[in-house]
Amino acid sequence: MHELSICQALLEQVAQQTRRCGGERVRRIVVEIGPLSGVEPHLLNEAFLLARQGTVAQQADLEVVAIPVTVHCPACDSDHEVAANDLRCPVCGEWQTRLVSGDEMTLRTMDVEMPEQEERERGEVRGVA
């Protein structure tokens, strides 16, 4: 299952970004995955539960956003969403299209917990009690 190695690489990137911004933990990670990326979203979710242990994202949720397959048609000079198994232009039938999106996996966003944010939340809780 190559999704585990993909998760490990994703979590390395998440850890680097978290350190860069001075964060402590990650609450949520959002990735975009196209159907031609070769990544199975349900397997990625399962692998993430294993790979996140002992990382800054140990308690984080993984949200997978599916992105469509989009091609550019040189004949129509326009972009169109198409099925993953049929990359022809849906308007004119041109088969020499260029893939615009749908084969990528991208780290879209992540919610990082900052040290002062945690202290503020603890302070609010102590003040209420």
Side-chain angles (χ1 to χ4, degrees):
M1 159 160 90
H2 75 288
E3 278 78 6
L4 184 57
S5 61
I6 291 170
C7 277
Q8 291 167 332
L10 171 66
L11 288 165
E12 286 176 25
Q13 185 180 12
V14 166
Q16 287 175 353
Q17 294 300 323
T18 302
R19 282 191 302 275
R20 184 175 294 152
C21 72
E24 289 186 342
R25 288 187 227 42
V26 178
R27 295 179 179 171
R28 184 173 72 116
I29 300 168
V30 180
V31 294
E32 295 177 330
I33 299 178
L36 300 177
S37 68
V39 178
E40 293 291 331
H42 70 282
L43 293 177
L44 186 70
N45 276 310
E46 289 178 19
F48 180 76
L49 296 175
L50 296 172
R52 72 181 181 172
Q53 298 305 313
T55 70
V56 294
Q58 186 163 317
Q59 299 299 317
D61 294 321
L62 178 65
E63 182 181 331
V64 176
V65 177
I67 56 172
V69 176
T70 305
V71 296
H72 177 79
C73 176
C76 298
D77 193 30
S78 58
D79 294 348
H80 305 282
E81 284 186 25
V82 295
N85 61 350
D86 186 1
L87 303 181
R88 291 176 297 159
C89 176
V91 175
C92 71
E94 174 65 44
W95 61 274
Q96 292 183 328
T97 58
R98 181 179 51 83
L99 188 65
V100 175
S101 71
D103 65 343
E104 66 272 24
M105 176 180 156
T106 307
L107 173 59
R108 179 191 224 181
T109 61
M110 49 190 255
D111 296 340
V112 177
E113 188 174 295
M114 304 303 285
E116 60 274 359
Q117 181 179 1
E118 182 181 304
E119 289 176 20
R120 204 173 332 123
E121 287 173 0
R122 266 195 245 128
E124 290 172 6
V125 171
R126 272 185 267 148
V128 173

Asker: Side-chain heavy atoms under 4.5 angstrom apart, residues restricted to Ile, Leu, Val, Met, Phe, Trp, Tyr: same cluster for Val14 and Met114?
Answerer: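 Shared cluster, yes.
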
Asker: Linking I/L/V/M/F/W/Y whenever any side-chain heavy atoms sit under 4.5 Å apart, do Leu87 and Val91 land together?
Answerer: no

Asker: If you count the non-hydrogen atoms of other residues, nucleotides and ligands that lie under 6.0 Å from CD in Gln59, is the total more than 12?
Answerer: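 Not more than 12 within 6.0 Å, no.
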
Asker: Considering all heavy atoms of both residues, which atom of Gly23 and which atom of Pro115 are nearest to each other, and what is their separation?
Answerer: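 Heavy-atom minimum between the residues: CA-CD, 4.5 Å.
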
Asker: Of all the heavy-atom pairs spanning Cys89 and Thr97, show the shortest one and how long it is.
Answerer: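 Nearest heavy atoms, Cys89 then Thr97: N-CG2, 3.8 Å.
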
Asker: Go through the structure and list residues passing side chain to side chain contact (heavy atoms under 4.5 Å, CB included) with Glu40, not counting sequence neighbours.
Answerer: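 Only Glu3, His42, Leu43 meet the side chain to side chain contact (heavy atoms under 4.5 Å, CB included) criterion with Glu40.
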
Asker: Is a side-chain N or O of Gln58 found less than 3.5 angstrom from the main chain of Gly54, in a donor-acceptor match?
Answerer: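 Yes, the answer is positive, given that a donor and an acceptor are paired below the 3.5 Å cut-off.
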
Asker: Can I get a per-line list of side-chain donor-acceptor pairs under 3.5 Å for residues 61-77, giving both atom names and the distance, sequence neighbours left out?
Answerer:
unit_1, atom_1, unit_2, atom_2, d
Glu63, OE1, Arg28, NH1, 2.6
Thr70, OG1, Ser101, OG, 3.3
His72, ND1, Asp79, OD1, 2.7
His72, NE2, Asp77, OD1, 3.3

Asker: With rounding to the nearest 0.5 angstrom, report the SG to NE2 distance, Cys7 to His2.
Answerer: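 Those atoms lie 10.0 Å apart.
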
Asker: For residues Ala57 and Ile29, report the shortest heavy-atom separation together with the two atoms involved.
Answerer: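 Heavy atoms of Ala57 and Ile29 come nearest at CB-CD1, 4.0 Å.
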
Asker: How would you list, by chain and number, every residue that makes a side-chain hydrogen bond (donor to acceptor under 3.5 Å, both in side chains) with Thr55, sequence neighbours excluded?
Answerer: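 With sequence neighbours excluded, Thr55 shows a side-chain hydrogen bond (donor to acceptor under 3.5 Å, both in side chains) to no residue whatsoever.
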
Asker: Give, for atom CG of Leu4 and atom CD of Glu46, the distance between the pair rounded to the nearest 0.5 Å.
Answerer: 11.5 Å

Asker: Would a single hydrophobic cluster contain both Leu99 and Val82, if residues Ile, Leu, Val, Met, Phe, Trp and Tyr are joined by side-chain heavy-atom contacts under 4.5 Å?
Answerer: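 Yes, Val82 and Leu99 fall within the same hydrophobic cluster.
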
Asker: Using the rule given for side chain to side chain contact (heavy atoms under 4.5 Å, CB included), can you reason through Leu44 versus Met105, listing the C-alpha separation, both sets of side-chain angles and the distance that settles it, and then say yes or no?
Answerer: CA-CA 11 Å; Leu44 186 70; Met105 176 180 156; 4.1 Å; yes

Asker: Under the salt bridge (Lys or Arg N to Asp or Glu O under 4.0 Å) test, which residues partner Arg108, sequence neighbours left out?
Answerer: Glu32

Asker: Output all residues satisfying side-chain hydrogen bond (donor to acceptor under 3.5 Å, both in side chains) with Thr106, sequence neighbours left out; order by chain, then residue number.
Answerer: none

Asker: Could you walk me through whether Thr18 and Met110 pass the side chain to side chain contact (heavy atoms under 4.5 Å, CB included) test, one step at a time?
Answerer: CA-CA 9 Å; Thr18 302; Met110 49 190 255; 3.2 Å; yes

Asker: Looking at CD of Glu24 and CD of Glu113, how far apart are the two atoms once the value is rounded to the nearest 0.5 Å?
Answerer: 6.5 Å

Asker: Rounded at 0.5 Å granularity, tell me how far CG in Leu11 sits from CD in Gln53.
Answerer: 10.5 Å

Asker: Mind jotting down which residue pairs meet the salt bridge (charged side-chain N to carboxylate O under 4.0 Å, His left out) criterion with at least one end in residues 87-106? Sequence neighbours excluded, please.
Answerer: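 The answer is Asp86-Arg88.
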
